[in-house]
Amino acid sequence: MGRILAVLLIIWVGWSGSLQARTVGTEISSEISTEISTETSTEQIIVKHKPVKDPEYAKWSRLAFQEAGRLYTLLDYKYLGRSTIAPGVVQQQFRFWVRHHGVEFPLIVSIRYDPITEKVFTIDMEQEQRGNLPIL
């Protein structure tokens, strides 16, 4: 009876250790390596975090939030993309869902700048024209 309990205990410890390693791997996207010490027969999990890099448009997103937030109550936003307008002029566009005087509507914020110096030329805010959209 003692041997059976010992075997079940060893199986349970091994299973719970592998379960713990899988849980750590799913909660954070990291590299996980396992080191086993032969002297004390203990297991150590080493987690190496990869630095999270901001997207290329993060700086322009913050600027768009700041400018639109001065005039409107911001509810939601979506990054629409980057386009080259002319040589030396790049545009980043964002769609905000805003509220102004109790009315909610989509607002397009366009930031035009020099891609080399990052000097801002214009920041345009325009209500998006939706026309008569059917309600689904």
Distance col, row H101:NE2 vs Y72:OH, nearest 0.5 angstrom, shows 9.0 Å

**OP:** Would you please classify the geometry between the Y113 ring and the W60 ring as parallel, tilted or perpendicular, with 30° and 60° separating the classes?
**Re:** parallel

message = Are the side chains of V98 and M125 in contact, using a 4.5 Å heavy-atom criterion?
response = no

- Query: For Y79 and Q93, what are the C-alpha separation, side-chain angles and deciding distance, and is it a side chain to side chain donor-acceptor pair (under 3.5 Å)?
  - Reply: CA-CA 6 Å; Y79 175 63; Q93 281 195 315; over 6 Å; no

In this structure, CG of D114 is separated from CZ of F121 (nearest 0.5 Å) by 4.5 Å

Rounding to 0.5 Å, atoms CD (Q66) and OG (S61) come to a distance of 11.5 Å

Short side-chain to backbone donor-acceptor contact, H100 and L71, under 3.5 Å:
yes

Margin query: What verdict does the ring pair (Phe, Tyr, Trp, His ring centres under 6.0 Å) test give for F96 and F65, after you've listed the backbone C-alpha separation in whole Å, the side-chain angles of each residue and the deciding distance to 0.1 Å?
Written below: CA-CA 9 Å; F96 288 88; F65 266 96; 5.1 Å; yes

dist L63:CG -> E118:CD (nearest 0.5 Å) comes out at 11.0 Å

CG of L107 to CH2 of W97, rounded to nearest 0.5 Å, is 10.5 Å

With the 4.5 Å side-chain cut-off for hydrophobic clustering, are L80 and Y57 part of the same group? no

Hydrophobic clusters here meaning ILVMFWY residues chained together by side-chain heavy-atom distances under 4.5 Å, can you tell me if I111 and V89 are in one?
no

>> Hydrophobic cluster membership, with links at side-chain heavy-atom distances under 4.5 Å among I/L/V/M/F/W/Y: are V103 and L74 in one?
In response: yes

Exercise. With a 4.5 Å limit on heavy-atom distance, are the side chains of I123 and V109 in contact?
Worked result: yes

Those residues at least two apart in sequence (or on a different chain) that pass side-chain contact (heavy atoms from CB on, under 4.5 Å) with E128 are R95, P106, I108, R130

CD of E56 to CZ of R82, rounded to nearest 0.5 Å, is 5.0 Å

